[in-house]
Structure formats: structure tokens, C-alpha cells
Trainee: 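Structure provided below as C-alpha cells; questions to follow.
What you are looking at is a predicted structure, and each value in this text was computed from that prediction instead of being measured. Because only heavy atoms are used, hydrogens play no part in the values below, and waters and symmetry mates are left out as well, while side chains stay in. Letters go in sequence order (proteins before strands), and every chain restarts at 1.
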Amino acid sequence: MPNFNQIRAILSQKTIGIAGAGGLGSNCAASLLRSGVGKLIIADFDTVSDANLNRQFYFHDQIGEIKVNALRDNLLRINPFASLQMHAVKVAPDNIDFLFSTCDVIVEAFDAASEKEMLINYILTNYPEKPLVAASGLAGWGSAESLRIIQSGNLYVCGDGEREAGETDPPLAPRVNIVSNLQADKVLEILLKDRF
Amino acid sequence: MKIMLNNRAETIEGDVFSVSQIMAIKSFKFRMLVVRLNDRLIKKEEYETTLVKDGDDLKIIHLVSGG
């Protein structure tokens, strides 16, 4: 098995796109950066709010900041030499090419199911060869063993596929973190496949 | 016919079904779905007309909010 420097030598050449910087995207970004991924392209239009702090990789003194700006600051504290391309925009079919066409792997990290569907359909239609790691079903607590990855070709969907987040079944840090790290781990698996 | 549905072997009485019919039989109830037949994306407007045959690999993946 390879050592960390050998792993990092490969990952440092890779670019990962992350669509959304909420509970999934912010935590996935931190894990990918810690693992040595060379470049992250992250897009989100939202600002940090008090309600985000139960699961997202932000801090209380960042409430009100644009998420991608706050996330850049936090990621640079992990690695001040990180190559980060942050976009404070709403991801939509008319900017996906511009944002993510250069990425080796794309991570779907939205909250709303309709946006998940939009990105998945766009990538499967326009970039069928590009690996896409999505998430669905992570609300509440417990049943961690139901969190898994379904693969179909280059599409990977992490989560339980059932538990929708809402007023009465909110997303909480442990399961959101598990799923965001299932995504990060799948990205590493894709990038390191057949390399050692 | 025998198909793989979401990685599980399923036997459905009959020879050919549309994707919509299989969704009804298996009571898939979520609105947001990704459907892949033999790793090919099937769009919503194709659910009625796309036929699933013996030996096919069908994936019907729920997309629910949360992130």
C-alpha cells in the first residue's frame, strides 16, 4: 500500500468541482483538501446563517458572510497554499460548463431535491464520461447503517435515498458529515483507482 | 421476467413493461427521481415509452432534499 506522499502526489494533480457549500459541500471540501486534492472549484450563492452551524463547516463569527468567502478562509487555515476557485453564483444549466467542465470529478452538494435533479440530469446528458458523486437522504439521526452508495455507470448516489430533510426531520451534523465524507471517500476511490 | 432493480434481483410476472408500469408496480412514490436503464439516463418524458425487458439493469434512485 502507498504512503501518504505517494497518494498526495496523485491527488495534487486533480481538480474537483463542488456544487453547493452547505452541509455536504463545506465538509466534503475540508476532507478533500486534507487528503491533498490539488484544486477545488466551489460554487454557492448563499450566506452563512445561524441555522447552518448545526452541521456546516462555518463558525459563529462568520454569520452573514457569503459562504464561499467564509469557506475559502476556513480551507486556507487547513492549507494556506490550497488552490481554490470560489464562485458566489447559483449553479444553473447556463453556467455549469463554465464552472465544472475542467473538473476530474463533480460533487453534487445541494440541499433541494429539484437542484440535485437538475445537476444530475445536466451532467449525465452533457458529460456522461465525468464521474458525478451525489447525495440523497441524510436527515435526522440514527440508522447510520442505512447510509450507502448506489452506483450506476459514472453516477454515485450517497445516503439512504429516503429521509428527506424538513421542519420535523432536520439535517443534523453526524449523518450529514457521514454522507459528505462518503462522497469525499468515493472521490478519492475514483481518483486513486488502478494507481497503486 | 427477471431484472435487476436497484442492485436486487426482481421477478415480475409478464414479458415487457414500461418504466412507468414498473414504478407503479413497485410503488415508487417520490417526485424527484433519477432513472437509469442499463446505465443509460431515462428522462421523465421517456418513462411511458421506454420498455424494460428480461435481464435489464434498472435503477430508480430517489432524490430527497437535505444537505
Trainee: Looking at A:L24, A:I120, A:L124, A:N27, which one has more heavy-atom pairs under 4.5 Å with chain B than the rest?
Mentor: A:L124

Trainee: If you draw a 6.0 Å radius around CD in B:E45, do more than 12 non-hydrogen atoms from other residues or ligands fall strictly inside?
Mentor: yes

Trainee: Does a salt bridge link B:K44 with A:E117, judged by any charged N lying under 4.0 Å from a carboxylate O?
Mentor: yes

Trainee: Is there a path of hydrophobic side-chain contacts, each under 4.5 Å between heavy atoms of I/L/V/M/F/W/Y residues, joining B:L51 to B:L37?
Mentor: no

Trainee: Just checking heavy atoms, which of residues 154-183 of chain A are less than 4.5 Å from chain B?
Mentor: A:N154, A:L155, A:V157, A:G161, A:E162, A:R163, A:E164, A:A165

Trainee: Should A:Y127 and A:M118 be counted in the same cluster of Ile, Leu, Val, Met, Phe, Trp and Tyr side chains packed under 4.5 Å apart?
Mentor: yes

Trainee: Other residues, nucleotides and ligands only: do more than 12 of their heavy atoms fall within 6.0 Å of CZ on A:R148?
Mentor: yes

Trainee: If contact means a heavy atom pair closer than 4.5 Å, which residues of residues 58-67 of chain B contact chain A?
Mentor: B:K59, B:I61, B:H62, B:L63, B:V64, B:S65, B:G66, B:G67

Trainee: Which residues in residues 81-110 of chain A have any heavy atom closer than 4.5 Å to a heavy atom of chain B?
Mentor: A:F110

Trainee: Identify whether A:Y122 and A:V133 are in the same connected component of the hydrophobic contact network (ILVMFWY, side-chain heavy atoms under 4.5 Å).
Mentor: no

Trainee: Is there a path of hydrophobic side-chain contacts, each under 4.5 Å between heavy atoms, that joins B:I3 and B:V34?
Mentor: no

Trainee: Under 4.5 Å heavy-atom distance to chain B, tell me which part of A:Q151 shows up: side chain, backbone, both or neither.
Mentor: backbone

Trainee: For A:S26, is it the side chain, the backbone, both, or neither that has a heavy atom closer than 4.5 Å to a heavy atom of chain B?
Mentor: neither

Trainee: Out of curiosity, does A:I150 fall in the hydrophobic cluster containing B:I42 (side-chain heavy atoms, cut-off under 4.5 Å, transitive links)?
Mentor: no

Trainee: Indicate every side-chain donor-acceptor pair of residues 7-19 of chain A with a distance under 3.5 Å to a residue at least two apart or in another chain.
Mentor:
from	atom 1	to	atom 2	distance (Å)
A:R8	NH2	A:N5	OD1	2.8
A:S12	OG	A:R8	O	3.1
A:S12	OG	A:A9	O	3.1

Trainee: Does any non-hydrogen side-chain atom of A:T125 lie less than 4.5 Å from one of B:K43?
Mentor: yes

Trainee: Working to the nearest 0.5 angstrom, can you tell me the gap between A:S114 OG and B:R31 CZ?
Mentor: 8.0 Å

Trainee: If you count the non-hydrogen atoms of other residues, nucleotides and ligands that lie under 6.0 Å from CD in A:Q6, is the total more than 12?
Mentor: yes

Trainee: Rounded at 0.5 Å granularity, tell me how far OG in A:S152 sits from CG in B:L41.
Mentor: 9.0 Å

